[in-house]
Amino acid sequence: MNLRRRRFLSVCAALTAAVALPGRAFAPADTASGLRIRRLAWAGIRLQLPQATMFIDPLVNPDAWGSALKDPLVPVGDAIGDTSVLITHAHPDHFDAKAAADALRNGGTLAYPNATLPLPIPQGARARPSALWEPQLIGDFTATAVPASDGYGDPQVSWVVSAGGRRIFHGGDTLWHGHWWRIGRQFGPFDAAFLPINGARFGWRKPVSGQPGVLTPEQAVAAAEILGARRLVPIHYGISGMQEYVEVDDPLGRLHQAARAKSVAIHPIAPGEWMDWDAQAAG
């Protein structure tokens, strides 16, 4: 049995124990981490190990939002080692076919929720539909799809990823739901939770609900606290000038305000920048 398979089986055993014993969390992550994380445009992130690269919801296509999104579009064609792309759902601002093709130009894995079939699958890539709560060894990463709730009811997951002694949560563009407590019990605490914060209200489908279809800043703080996240990294904000997609005013300011009375540290990262694990985050 090789080292990678032994490590995968040990992670599976830990997951099984967490399911069997509610309230029991993973063992604390090793503090000596080789994991680096770069924020991409919109909701995307890059997780980097010495010999493996993982992208979650990468976006490089300017047509996704046009001039409404001011984020710089960070290229993803320079992956190192085993490469994978995870998507939370198939909306074009989260499954960008061009970004997936660029990232997986030398092959690799495209992982996505079981109930979706993102097309086109990049040539030479391995398609991996992913069931909820089932850990997968993808390169040097262990990734688990967990429940999320889409603003339009389309299939969506969030991702729990462990690698290099760290464990992170990526929330895509989920709205509030009731699975936070189970996710926190089984996988928490997290070194970082990447959560949407813009509380967007949509006008494309009628009748219009007037309700947020994405976590508001206050809900993101509550979710991070339940998950046991040591820091909350805001994603999925910064759209302006659209009539049918309106985010809350000053989402980042509201996020800081909501976190003041909580034990959640806010750690904004500009698109293109790498996370500094040692930096002092603001609450």
Side-chain angles (χ1 to χ4, degrees), residues 39-45 56-57 59 61-71 87-96 112-113 115-116 118 132 145-159 169-184 193-227 229 232-262 264 266 268 271 283:
R39 188 173 167 223
L40 307 177
W42 193 227
I45 63 172
I56 304 180
D57 285 358
L59 177 68
N61 187 349
D63 295 335
W65 286 109
S67 61
L69 179 65
K70 304 304 189 286
D71 288 355
I87 64 166
T88 57
H89 59 301
H91 294 173
D93 57 331
H94 292 262
F95 172 57
D96 174 5
Y112 50 87
T116 67
L132 293 175
V146 295
S149 185
D150 186 76
Y152 282 142
D154 296 329
Q156 182 172 165
V157 301
S158 293
W159 288 100
F169 178 91
H170 186 283
D173 69 0
T174 187
L175 48 73
W176 184 263
H177 55 72
H179 297 282
W180 303 110
W181 288 270
R182 183 181 175 189
I183 296 169
F194 295 81
L195 291 170
I197 66 165
N198 73 350
R201 289 168 168 81
F202 313 144
W204 291 301
R205 296 188 188 178
K206 311 299 182 183
V208 175
S209 74
Q211 303 302 311
V214 181
L215 289 178
T216 66
E218 295 78 14
Q219 290 171 335
V221 169
E225 188 171 41
I226 293 168
L227 291 171
L232 191 169
V233 182
I235 59 172
H236 197 275
Y237 66 99
I239 294 291
S240 62
M242 297 187 70
Q243 291 185 342
E244 302 296 336
Y245 187 96
V246 180
E247 62 179 40
V248 299
D249 293 334
D250 190 18
L252 199 54
R254 281 179 53 172
L255 187 74
H256 282 287
Q257 179 67 31
R260 284 180 181 173
K262 304 290 185 180
V264 176
I266 307 301

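Fair warning: this is a prediction, and the values are worked out from it, not measured in the lab.
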Who passes side chain to side chain donor-acceptor pair (under 3.5 Å) against [X], sequence neighbours left out?
X	answer
W42	D93
D250	none
S209	none

Which pairs of donor and acceptor atoms, one on a side chain in residues 169-177, lie under 3.5 Å apart (sequence neighbours left out)?
residue, atom, partner, partner atom, Å
H170, ND1, G172, N, 3.1
H170, NE2, A43, O, 2.7
D173, OD1, H89, NE2, 3.3
D173, OD1, Q156, NE2, 3.0
D173, OD2, H89, NE2, 3.4
D173, OD2, H94, NE2, 3.4
T174, OG1, S149, N, 3.0
T174, OG1, S149, O, 3.3
H177, ND1, H179, N, 3.0

Got a second to check how far F95's CZ is from I87's CD1, nearest 0.5 Å?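 Between F95 CZ and I87 CD1, I get 5.5 Å after rounding to 0.5 Å.
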
Roughly how far apart are I56 CD1 and I45 CD1, rounded to 0.5 Å?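 I56 atom CD1 to I45 atom CD1 measures 4.0 Å (nearest 0.5 Å).
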
Non-hydrogen atoms of [X] and [Y] that approach each other most closely:
X	Y	answer
S240	K70	OG-NZ, 3.3 Å
P271	L40	CB-O, 3.6 Å
L132	P147	CD2-N, 3.7 Å

Side-chain contact test, heavy atoms from C-beta onward, threshold under 4.5 Å: evaluate it for [X] versus [Y] and give yes or no.
X	Y	answer
P268	V233	no
P217	V248	yes
R260	I266	no
I226	I183	no

Do D96 side-chain atoms and N61 backbone N/O form a donor-acceptor pair below 3.5 Å?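 Side chain of D96 to backbone of N61, a donor-acceptor pair under 3.5 Å: yes, one is there.
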
Return yes if some donor-acceptor pair links the side-chain N/O of Q219 with the main-chain N/O of T216 below 3.5 Å, else return no.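 Looks like yes, one N/O pair under 3.5 Å.
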
Considering residues at least two apart in sequence or located in another chain, which fulfil the side chain to side chain contact (heavy atoms under 4.5 Å, CB included) criterion with A68?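 Partners of A68 by the side chain to side chain contact (heavy atoms under 4.5 Å, CB included) criterion, ordered by chain and then number, come out as I239, M242.
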
Non-neighbouring partners of D150 that pass salt bridge (charged side-chain N to carboxylate O under 4.0 Å, His left out), sequence neighbours left out: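 Residues passing salt bridge (charged side-chain N to carboxylate O under 4.0 Å, His left out) with D150: none at all.
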
Are D154 and R205 within salt-bridge range, i.e. N to O under 4.0 Å?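 Salt bridge flag = yes for R205 with D154.
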
Using the side-chain contact (heavy atoms from CB on, under 4.5 Å) rule, take W159 and V146 through it: C-alpha gap first, then chi angles, then the decisive distance, then the call. CA-CA 6 Å; W159 288 100; V146 295; over 6 Å; no

Stepwise side-chain contact (heavy atoms from CB on, under 4.5 Å) test for L59 and W65: CA-CA 10 Å; L59 177 68; W65 286 109; 4.3 Å; yes

Donor-acceptor pairs are to be reported for all side-chain atoms of residues 194-203 against protein atoms at under 3.5 Å, with residues two or more places apart or in another chain.
residue, atom, partner, partner atom, Å
N198, OD1, A200, N, 3.4
N198, OD1, H236, ND1, 3.4
N198, ND2, Y245, OH, 3.1
N198, ND2, E247, OE1, 3.1
R201, NE, G210, O, 2.8

